[in-house]
Number of protein chains: 2
Amino acid sequence: MITRQINPQTLWLTFGTPFETESLMFDREQTTLLKKTPSLPVKLSLENDRLQLTDSLSDDTRVLGLGENLRGMNKRGGIYESFCTDDPIHTPGKKSLYGAHNFLLVEGAVPYGIFIDYPGKVIYDIGYTRHDQLIITITGSDVDIYLFQEGNLKELALAFRRLMGESYIPPKWAFGFQQSRWSYRTSKEVEAVAAAFLENEIPCDAIYLDIDYMERYKDFTVDKEAFPDFPGLVASLKEKGFRLIPIIDAGVKIETDYPVYEEGKDRGYFCLNRKDEPFVAAVWPGKVHFPDFLNPEARRWFGLHYQFLTDQGIEGFWNDMNEPSIFYTEERLQQAIDLAKDSEGQNLDIDAFFHLTDTFKALFNHPDDYKQMYHQVKGEMVNHAKIHNLYGFNMTRSAAEGLAELEPNKRFLLFSRASTVGQGRYAGIWTGDNHSWWEHILLNLQMMPAVNQCGILYTGADTGGFSDNANAQLMIRWSQFSLFTPLFRNHAALHTRHQEPYAFDGASTAILRDVIRLRYALIPYLYSEYMKAAKKSGLFFMPLSFEYSEEQAALTDDQLLVGESLMATPVYRENARGRHVYLPETMLLWKATGPAGGQLEVVPQGHHYLKADLAETLIFLRKNRILVLGEPAMSVEKMDLSTMRVLAFVDDTASYVLYDDDGLTHHHREGAYTEIHLTITHKAGDFQVKVAASSHVKVKVLKLVMINAAGKQQEQVVQVVPDAAN
Amino acid sequence: MITRQINPQTLWLTFGTPFETESLMFDREQTTLLKKTPSLPVKLSLENDRLQLTDSLSDDTRVLGLGENLRGMNKRGGIYESFCTDDPIHTPGKKSLYGAHNFLLVEGAVPYGIFIDYPGKVIYDIGYTRHDQLIITITGSDVDIYLFQEGNLKELALAFRRLMGESYIPPKWAFGFQQSRWSYRTSKEVEAVAAAFLENEIPCDAIYLDIDYMERYKDFTVDKEAFPDFPGLVASLKEKGFRLIPIIDAGVKIETDYPVYEEGKDRGYFCLNRKDEPFVAAVWPGKVHFPDFLNPEARRWFGLHYQFLTDQGIEGFWNDMNEPSIFYTEERLQQAIDLAKDSEGQNLDIDAFFHLTDTFKALFNHPDDYKQMYHQVKGEMVNHAKIHNLYGFNMTRSAAEGLAELEPNKRFLLFSRASTVGQGRYAGIWTGDNHSWWEHILLNLQMMPAVNQCGILYTGADTGGFSDNANAQLMIRWSQFSLFTPLFRNHAALHTRHQEPYAFDGASTAILRDVIRLRYALIPYLYSEYMKAAKKSGLFFMPLSFEYSEEQAALTDDQLLVGESLMATPVYRENARGRHVYLPETMLLWKATGPAGGQLEVVPQGHHYLKADLAETLIFLRKNRILVLGEPAMSVEKMDLSTMRVLAFVDDTASYVLYDDDGLTHHHREGAYTEIHLTITHKAGDFQVKVAASSHVKVKVLKLVMINAAGKQQEQVVQVVPDAAN
């Protein structure tokens, strides 16, 4: 073991010869080699070439983290596996989802954080086998481990965040509402969706194309019958305010004369099997090869293929099936078919029958199939199973790097299903194939801060649920949460009920319109918070315990801090007319019925049951914090930013920096952004406002509503005068 | 349509020629034929030979009922089907579970109840398609419909309950803790379980045998190798305080010389196919026939076979797979195998591949298989699909009637998986194959009152969850709820983690011991409440809205009234250290840490967050109500009833009738039971106690703790003097 110190908070332990994952980006030259390993918060042991980390857990120890995974914010009680998995049924007994996020925060008497930089499977037994034991099993012994110590939970999380580099920065329009479905299959269908949004006056910035827009699921093709004038469609939609976002899958269809296939094969860019032939698996199109994204040349080759779509006006993509998902391999399917043949005419009892049906069920993503697949890394054959969790990462990196090469100064919308730590530099993620279940609103909420901790800031769930059927109420309540998530997308599966915001009855459409318009009102704040978090390695979502130290804050796992000012407390139970909320301090409640409507109420510290009718979104403004609100429009770029509303809850002093930029380019890196510095002081019922603004700021007028803890309200209109010197 | 009035609250509408389900038991001669149908709360229409009932739902209308089904207590927002279904994955999008319970309570401006007496599929769209519409679709037009009007929710539910006859009365020992697993496979394993309970000093009254105790899953056989001396095992367990409870399945294995099969075939007691041959389907043993339980002779024949086990000392049974569950039929399996053969060597894309795997998945309980099966009813062939929901009912009735014929005065433990209305006269149910998911504690709670409303009182869930793996915390929290359910059984599936109360660590065992001992302390109360509900067509569990009329009571769907005195508010979130509770009135909280330990606290009306450490069970005693507690023992029959504790929360007057009887026979029907009438009055801090007792009462001393709303506590010891004349 080699022990290094990266900074006083961070130890770096190296065991064996780890695979270079590129998850982290710190300067290795700036670390200090320690001759003696200091005492560690975990015990280390090696057994059967597996490194194990253990710790004992007191009754009061909570364990946060693991990014995109199942169960509550506090992971105690479960077993988890970091192994990117396309499992479309997110029930509580599952161990993995699409991401592999090996970061834990252990909140014992002395809290610590731990990041396991290992691209194969890692197993976490967090008080499951024994309620008082943490056991982390790494399925190998070549690994880097990072330990974060000395600090509270938030400081530990930030110490980790700072090792990852700047987070992905999406275009600003990606904060608008987005509509998806598997699938809008034709130009006409897409145009009808756009028309319905316009007709119903529901803002929307993007419409998605799922797998059916391609010719038989071939990447970088468009079905010409269904989309006879694809660039024309893209342009006409954009003119109306909608971006069109096509999907790209990991697998490349095996088909003679299909250029992507032929090129990949000729150049040796596909993953191999044991016999050095391209590895064959089947996904949507039937048999495919998987590009070897760990090979930099293959990565560049695939990434530049996105040009086929950017040339047609496309400005955003979602990368899917990149765990990679495998429906079957030929050998395994043949085994299942053989078993079926052997079963013919038999009297199958429990054992034989379940063996047969389980064999067909087990074709999907069979772990042994991954062991048949190889990558070529720096001239060596590397078994896929050992670096599995890097596949989606590098597919996404391929797209990000390709797009950056094609248009270096342009921001593209890009997010992925599979992910690992480090990927947040290149793109966002969505949380995959959830269900139209009320439980999944809560799961959505509970995942968000843990995903952020792993550096992935642009994230959100399929609002309304992917599988199963939504009803209007679920759609409304879920939207009332998703309006806080950077990615706010309604997406649903084939054969499910239509769940576009206008797909239910008139009363529900009206509520959803108001909820989505409320989202647009929040965009100046959400974008400002996102950009600050991305540029300064901060966090967008935080659990209450990151800011409030009392035990009750840590026990509250159905509320979320959103940026520096807000707390989200969504209603996530069907037919509820309110919910219980814990306030770690006195806050201002805005029961919002739309971008401007609703009631304001000061709610004291403590436990409360708060009524929330279906049309009401509960938005809490923290003490001495400020919320800036914009005027909604039908799309982000149509928003008139000249007048903004400000809601301030001020006990003594509140200040806020509202960040903005062009939203489309990376000129912000050279200082092309604006800030409004707002400071409000309160004393004896009187509020004083100070505003300082960069030059070029678009905001001209701020309409302030300021409230103190006693509920006293003062309104003021302030002109924003850009600083000539800035 | 023929309209009759059963009583001023109850209308009976008959359409066509309904199948005689025997769900209800009222005297048809005592009904009044109405010449004119009064105005009905629902609209009726007939389309394609399907009767449809519709109503519009205001935003404030809640819809309760549907017995054993998914989602919350308020069924709004969902689609449900009454069609007994063996679906082992109880996720929120499912439409049916094992029971078909066609009772709804619609709590609009004028509440009404509705019971649809129809043995085929009934579909309920309760504000799903349109949030403001109730649509009930009966898949036929020969049906009896009962409408309950004029009264509050509780009165309407009781009006329905009274039409069903007396509920099933289990032996008193069936209120003890029960331990099950698929499977304890041998005498030795069973003995080891018993020994572990004794050694760990955890009370337990029953140990279960799942399917593996039989010879190759043949009903009314015992595997002689695994159980060389079955009667000896039964006797020795009973001596130690444990009853052994074997499972009986619906399907009879097709096997030459197996007497049950040969008899059933020879006598024509099996269900038939279209060709008048016994219908063949496959379940655990492979191919089986299904007894035609709708034929009274077949029913009696099968029921008397239970003697094989009662002769060996068995006193309780669970009837399973009686929806009936069908793994596959020969024809359908052959189709799947043919498809697999056709798929050989093909490049299966999304459509072909999912078609193949879905075909194997769809073998289970395929709806078309039920259409191939026929019953002989009064000389006519009746298609099974049309009377599907009566199958489990009549299998259970077969057992109950058979056991009653064998030992008329003996109470047997008997419960079933499939059920319908009316079955509550014969047996209880368990709620089937749930999962070790926290959500399923809540689902368990939410089902209980709806199941009661359908007359099934003896009920409970697989505590700790059947599928997936439990951890110690889940087991503890779930047990803290199940200790209120008449059936309190720990049961888990093959290949899951062992979850017996001693299967975790020492600290968890200690807590579970206390929780189970707490259950035993509650048995005098639970048994008294159960027996009163059974004998007087009452309810054991009620939602808060049955007793409290404010809206918040109706919105509270995670709390339950248990008998007349208690309110259960279990903690059902992992890692929680308490929960929010709504108190419709001031109540006394007993934070119980065991049968006697814990704190007492008066909690005022309103919303509260209450701490509840893992070892603490929250038990609320309602105002002016009394709880009688016994002294736990290792089994129910070992409990010394001579001294009981009484906890009373008295504002002015509280009274309670403690019922007891021999717990084993039906002599209670001839008056062989005891009652203690307890009245406590409170005035200005002083409590007056009056006790009257039947002769033969076993209780000699009551130790009272009486508390008033101000928290003033008074203790008193009262001698119980049996009334010589009673």
Side-chain angles (χ1 to χ4, degrees), chain A residues 62 71-72 74 76-77 91-93 127-128 130-132 216-217 282 284-287 327-328 333-334 336-337 340-341 343-344 347-350 353 356-357 360-361 363 435-439 467-469 471-474 504-505 507-508 555 557 573-578 580 582 607-609, chain B residues 62 71-72 74 76-77 91-93 127-128 130-132 216-217 282 284-287 327-328 333-334 336-337 340-341 343-344 347-350 353 356-357 360-361 363 435-439 467-469 471-474 504-505 507-508 555 557 573-578 580 582 607-609:
Chain A
R62 281 168 284 272
R71 304 168 84 98
N74 181 357
R76 268 191 86 160
T91 44
Y128 163 78
R130 274 192 66 95
H131 76 275
D132 53 1
R216 298 308 300 166
Y217 319 113
W284 307 120
K287 289 174 200 160
F327 289 170
Y328 65 92
L333 178 63
Q334 188 58 50
I337 291 171
K341 285 155 75 179
S343 303
E344 192 164 8
N347 182 359
L348 305 181
D349 69 358
I350 164 180
F353 177 67
L356 175 62
T357 54
F360 277 90
K361 219 193 287 183
L363 291 172
H435 275 70
S436 296
W437 299 342
W438 288 82
E439 287 86 336
S467 298
D468 263 350
N469 298 308
N471 62 25
Q473 193 191 154
L474 177 82
F504 302 94
D505 53 280
S508 303
L555 288 169
D557 68 350
R573 291 272 282 264
E574 187 160 29
N575 298 316
R577 295 288 183 93
H580 287 98
Y582 170 70
H607 292 278
H608 301 275
Y609 176 83
Chain B
R62 281 168 285 271
R71 303 168 83 97
N74 181 358
R76 270 192 83 162
T91 43
Y128 163 77
R130 274 192 65 97
H131 77 274
D132 54 0
R216 298 308 299 165
Y217 318 112
W284 307 120
K287 288 174 200 162
F327 289 170
Y328 66 91
L333 178 63
Q334 189 58 51
I337 291 171
K341 286 156 73 178
S343 303
E344 192 164 7
N347 183 358
L348 305 179
D349 69 358
I350 164 181
F353 177 68
L356 174 62
T357 54
F360 277 89
K361 217 193 287 182
L363 291 171
H435 275 69
S436 296
W437 298 342
W438 289 83
E439 287 86 335
S467 299
D468 262 349
N469 298 310
N471 62 24
Q473 193 191 154
L474 178 83
F504 302 95
D505 53 278
S508 303
L555 288 170
D557 67 351
R573 291 271 282 265
E574 188 159 29
N575 298 316
R577 295 288 183 93
H580 287 97
Y582 171 70
H607 292 278
H608 300 275
Y609 176 84

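Sequence lines set the chain letters: A, B, ... in the order given, protein chains first and strands last, and positions in each chain run from 1.
- Of the two parts of A/Phe353, only the side chain, counted from C-beta on, holds a non-hydrogen atom closer than 4.5 Å to a non-hydrogen atom of chain B.
- For A/Asp349, the parts lying near chain B are the backbone and the side chain together; criterion is any non-hydrogen pair under 4.5 Å.
- Counting heavy-atom pairs under 4.5 Å between each of B/His608, B/Gln334, B/Gln473 and chain A puts B/Gln334 at the top.
- Interface remark: A/Arg71 contributes side-chain atoms only to the contact with chain B (heavy atom separation under 4.5 Å).
- Both the backbone and the side chain of A/Leu348 come within less than 4.5 Å of a heavy atom in chain B.
- At a 4.5 Å heavy-atom cutoff, the contact between A/Asn469 and chain B is made by backbone and side-chain atoms alike.
- Ranking B/Arg62, B/Lys341, B/Arg573, B/Arg216 against chain A, the residue ahead of the rest is B/Arg573, based on heavy-atom pairs under 4.5 Å.
- Residue contact with chain B, scored on non-hydrogen atoms closer than 4.5 Å, involves the backbone and the side chain of A/Pro92 alike.
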Discussion item. Let's go through B/His435 and A/Thr91 carefully: what are the C-alpha distance in whole Å and the side-chain angles of both, what is the deciding distance for side-chain contact (heavy atoms from CB on, under 4.5 Å) to 0.1 Å, and is it a yes or a no?
Written reply: CA-CA 10 Å; B/His435 275 69; A/Thr91 44; over 6 Å; no
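- Aromatic ring centres of A/Tyr582 and B/Tyr609: separated by at least 6.0 Å.
- A centroid separation of 6.0 Å or more is found between the aromatic rings of B/His607 and A/His607.
- Neither the backbone nor the side chain of A/Leu474 comes within contact range of chain B, judged by heavy atoms closer than 4.5 Å.
- The nearest pair of heavy atoms linking A/Lys287 to B/Asn347 is N-OD1, 2.8 Å.
- Minimum interatomic distance between B/Asn74 and A/Asn575 (heavy atoms only, all atoms of both residues): O-ND2, 3.3 Å.
- Among residues two or more places apart in sequence or in another chain, the side-chain hydrogen bond (donor to acceptor under 3.5 Å, both in side chains) test is passed with B/Glu439 by none.
- With sequence neighbours excluded, the residues forming a side chain to side chain contact (heavy atoms under 4.5 Å, CB included) with B/Asp505 are A/Arg130, A/His131, B/Ala472, B/Ala507, B/Ser508, listed by chain and number.
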